[in-house]
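Note sheet for the following structure.
Below, all heavy atoms of this structure are taken into account, side chains as well, without hydrogens, waters or symmetry copies. Computed from a prediction, not measured in an experiment: that's the story for all the values here. Residue numbering restarts at 1 for every chain, and letters A, B, ... go by the order of the sequence lines.
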Amino acid sequence: MTAESAAAVTVGPVRAALVISLTLVGSFFLLVGTIGLLRFPNVYNRMHATTKATTLGAASIALAGSVYFLPHGDGLMSLVTVAFLFLTAPTGAHMISQAAQRMGVPFVGGVRWPGTQNDVMADGDGETDD
Amino acid sequence: MADPAYLAVVDTVLYGALVLAAGLTLLVSYRVIRGPTVPDRVVALDTIATNVVAIAALYAIWTQQGYFVGVSLVLAIIGFISTITVARYVTEGDIIE
């Protein structure tokens with residue numbers, strides 16, 4: 001750590017252990033989400049990987065920042081970042097998946113719309129027309 | 001005064017997490033370039049925004065500069081607004097009617 005800015009925050013061993021563990025958990029979930037984004041076969045599956053795993057990773061890293069800064073005001077702002085991520089990630093995922101379904105991006109073969117019996121891949125656009 | 005030994009561990013872990021997050025952001029750009037459809041690219045750009053939020057938070061801890069937390073929050077807000085805007089543009093054809 002740089003010597004000039006070391007006077008702002010003093011970190012004990014318990015807080016250092018919390019920051020290390022939260023950072024490691026967040027890095028793991030970022031890695032898992034990126035592998036899912038690169039390897040899954042479809043837009044909907046990739047969105048599942050990114051909006052659960054990557055959001056959890058970024059929120060865990062922001063929580064590490066909150067643990068590190070918390071007697072000061074920056075820790076509260078980091079908690080606001082966590083709450084904002086958990087509020088906005090499902091909203092954005094819902095809007096992108098709705099846009100993809102209206103554009104006619106097909107589902108993976110064998111996947112059916114809930115409550116129907118016909119194969120969604122058969123008519124191509126994902127609409128249920130019964 | 002000398003720093004305790006665990007601060008070096010914190011420094012190493014934060015540096016490794018920064019390098020990992022930057023490399024993962026580069027990997028996500030593959031999906032931006034080669035994504036078969038437009039929603040793939042939107043999902044990948046949203047993931048890049050989330051990764052940059054994590055990078056800003058890690059940089060705030062690493063340099064002990066608290067105002068980078070504000071950078072992280074503003075980047076989260078901008079990523080959400082851009083995702084909503086592009087999804088609405090793809091669906092509706094325009095953004096502000």
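No donor-acceptor pair under 3.5 Å is formed between the side chain of B:R31 and the backbone N or O of B:A44.
With a threshold of 4.5 angstrom between heavy atoms, B:L58 approaches chain A through its backbone and through its side chain. Interface remark: B:V9 contributes backbone and side-chain atoms alike to the contact with chain A (heavy atom separation under 4.5 Å). Using a 4.5 Å cut-off between heavy atoms, B:I77 contacts chain A through both its backbone and its side chain. In this structure, chain A has heavy atoms under 4.5 Å from both the backbone and the side chain of B:T50. In this structure, chain B has no heavy atom under 4.5 Å from any part of A:A49. The contact between A:L31 and chain B is made by backbone and side chain atoms together, counting heavy-atom distances below 4.5 Å.
Between the side chains of A:Y68 and B:Q64, at least one donor N or O lies within less than 3.5 Å of an accepting N or O.
Counting heavy-atom pairs under 4.5 Å between each of A:L30, A:L37, A:T23 and chain B puts A:L37 at the top. Counting heavy-atom pairs closer than 4.5 Å to chain A, the top residue among B:P39, B:G23, B:G70 is B:P39. For the set B:T12, B:N51, B:D46, the count of heavy-atom pairs under 4.5 angstrom toward chain A peaks at B:N51.
Interatomic distance, A:M95 CE to B:T91 OG1, rounded to the nearest 0.5 Å: 6.5 Å.
Between A:L63 and A:V82, the shortest heavy-atom distance links the atoms N-CG2, 3.9 Å.
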